[in-house]
Amino acid sequence: MNLKRMNLNNHSVAFSSDSNRSSIRNSLHAQPSSQEALSVLNAQPRDRSRTALAPASDAFLTIDGVSKIYPTPKGDYVVLEDINLSVQAGEFICVIGHSGCGKTTLLNMVGGFSKPSSGVVTLNGKKITSPGPDRMVVFQGYALLPWLTAYENVYLAVDSVHPQKSEAEKKQITREHLHLVGLSEAAHKRPGQLSGGMKQRVSIARALAIRPEVLILDEPFGALDAITKEELQEELLKIWNDHRCTVLMITHDIDEALFLADRLVMMTNGPAATIGEIIDIPFPRPRDRGRIMEDPEFYKLRNYILDYLYNRFAHDDE
Ligand SMILES: Nc1ncnc2c1ncn2[C@@H]1O[C@H](COP(=O)(O)OP(=O)(O)OP(=O)(O)O)[C@@H](O)[C@H]1O
């Protein structure tokens, strides 16, 4: 079984992840900074009353006719055109597409970090216009504050979003979420003293400690080695299974998407990228990686996605 997994991993698809990553860090490019960490914390406490008044709707999160245009010195650059997607509460959605097609741009509009040029994104029937603690983002580059310990990074987020909670409650939430990602022992360490996998665990604990309704993951495991990546995928699935928040995750890894997602959104190439196809991932939950990899359907889907990315929507650079 292990051999089979290793063989598969040797062939696993991982596209380049070093180009423009996020509109909130596009001036900084690859490395996120403490500014990102602070932007994560700048969200205002959730307005539950308005959420409660939202019209009853099947779709929990909707992206409706969304386009995004960036003005550039050479004229308008249409990144995304006419994106339509309805997501049910508790769904796990992965988004895949070639580098630069606009995946981060799309998720930034769900995060509220940028606004659509046309169309609307709604959560619980309410238009998204700004970031909020109902949507937390985990970046590939962790975005932790380097001068704070793991514990303090998580605590700061809890304290920013729930200032009204008692000190004891906030400490309990912080400890609980560090425990959830297996980091109780390393709580006193600063990011510089943690491995990449541990930093990403802190980042996930920080996001989950706010109890978001939507967890947005921008290639969270892209920088990790294969073994740590698999461990974290399994931990993420377990946490998602227990908490059932809605997940939107960008990935460049087909195997990761097939292991994690309920549905895989496949983008066309930019400019003016849109959703080309959406694939239902049929594997029953709870998922077992070994069992999935013995399923012929896994290879059929994998080949189908490879064909989509490398033949039907091949990228000029590749
Ligand atoms: N603020 C901006 N102004 C102009 N162009 C931008 C801006 N932000 C992003 N872009 C461009 O929009 C396109 C989409 O960028 P985006 O980061 O969303 O792509 P992506 O699919 O997430 O890429 P990757 O997989 O490499 O992270 C890119 O061509 C990028 O250069």
Side-chain angles (χ1 to χ4, degrees), residues 12-33 35-36 39-40 63 66-85 93-119 121 128 130-131 135 137-143 200 203 214-224 229 247-257 260-261 264-278 305-306 308-310 312-318:
S12 90
V13 178
F15 306 134
S16 132
S17 59
D18 58 353
S19 50
N20 301 330
R21 184 129 333 269
S22 147
S23 66
I24 65 165
R25 65 171 183 259
N26 57 28
S27 58
L28 304 166
H29 287 279
Q31 283 308 310
S33 68
Q35 258 174 304
E36 267 189 353
S39 75
V40 167
I63 300 172
V66 162
S67 301
K68 182 72 188 180
I69 299 168
Y70 287 118
T72 73
K74 291 183 188 164
D76 284 353
Y77 180 70
V78 181
V79 182
L80 295 170
E81 192 164 70
D82 197 25
I83 305 277
N84 293 286
L85 180 68
I93 302 282
C94 279
V95 181
I96 206 165
H98 288 289
S99 187
C101 71
K103 301 177 295 296
T104 299
T105 301
L106 179 62
L107 265 52
N108 275 340
M109 290 188 281
V110 177
F113 295 113
S114 89
K115 288 186 182 142
S117 306
S118 57
V121 185
I128 292 173
S130 59
R135 288 154 282 129
V137 187
V138 173
F139 302 99
Q140 178 179 9
Y142 325 120
Q200 200 51 292
S203 181
V214 182
L215 184 63
I216 299 170
L217 303 161
D218 191 346
E219 254 194 281
F221 309 140
L224 305 177
K229 186 174 181 171
V247 178
L248 295 183
M249 173 170 167
I250 295 174
T251 181
H252 283 114
D253 183 335
I254 295 175
D255 293 359
E256 178 167 88
L260 296 175
L264 174 61
V265 171
M266 301 199 292
M267 304 291 293
T268 62
N269 293 334
T274 192
I275 294 175
E277 268 185 48
I278 301 178
I305 300 163
L306 279 170
Y308 177 96
L309 291 168
Y310 287 115
R312 291 165 59 202
F313 288 96
H315 203 264
D316 291 346
D317 303 342
E318 285 156 7

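We count ligands from 1, going down the list as the structure has it; atoms in each ligand are counted the same way.
- Heavy atoms only, all atoms of each residue included: Gln200 and Val138 are closest at OE1-CG1, 3.2 Å.
- Of the polar atoms of Pro71, none of the N or O atoms is found under 3.5 Å from an N or O of ligand 1, judged by distance alone.
- Shown in contact with Thr105 at under 4.0 Å from a heavy atom are these atoms of ligand 1, numbered in order with element: 14 (C), 15 (O), 16 (P), 18 (O).
- Taking the six-membered ring for Trp and the full ring otherwise, Tyr308 and Phe313 have centroids separated by under 6.0 Å.
- For Gly97, the closest heavy-atom approach to ligand 1 does not fall below 4.0 Å.
- Counting the atoms of ligand 1 from 1 in the order shown, those under 4.0 Å from a heavy atom of His252 are 25 (O).
- A salt bridge links Asp253 with Lys229: the closest approach of a Lys/Arg side-chain nitrogen to an acidic carboxylate oxygen falls below 4.0 angstrom.
- Heavy-atom proximity to Gly100, at under 4.0 Å, picks out these atoms of ligand 1: 13 (C), 14 (C), 19 (O), 20 (P), 21 (O), 23 (O), 24 (P), 25 (O), 26 (O), 28 (C), 29 (O).
- Sorted by first and then second residue, the salt bridge (charged side-chain N to carboxylate O under 4.0 Å, His left out) pairs with a member in residues 70-79 form an empty list; sequence neighbours excluded.
- Separating the CE atom in Met109 from the CG atom in Leu107 is a distance of 9.0 Å, to the nearest 0.5 Å.
- Between Gly102 and ligand 1, a contact under 3.5 Å exists for at least one N or O pair.
- Considering backbone and side-chain N/O atoms, Lys103 comes within less than 3.5 Å of an N/O atom of ligand 1.
- Here's the thing with Ser99: one of its N/O atoms is less than 3.5 angstrom from an N/O atom of ligand 1.
- Thr251 and Glu256 share a side-chain donor-acceptor pair at under 3.5 Å.
- Checking Thr104 against Asp218 by side-chain atom types alone, a donor-acceptor pair falls below 3.5 Å.
- Closest heavy-atom contact between Arg135 and Ile216: CB-CD1, 4.3 Å.
- Heavy atoms of Met267 found under 4.0 angstrom from ligand 1: none, in either backbone or side chain.
- If you number the atoms of ligand 1 from 1 as listed, the ones under 4.0 Å from a heavy atom of Val79 come out as 12 (O), 13 (C), 14 (C).
- Residue contact check for ligand 1: Cys101 places a non-hydrogen atom closer than 4.0 Å to it.
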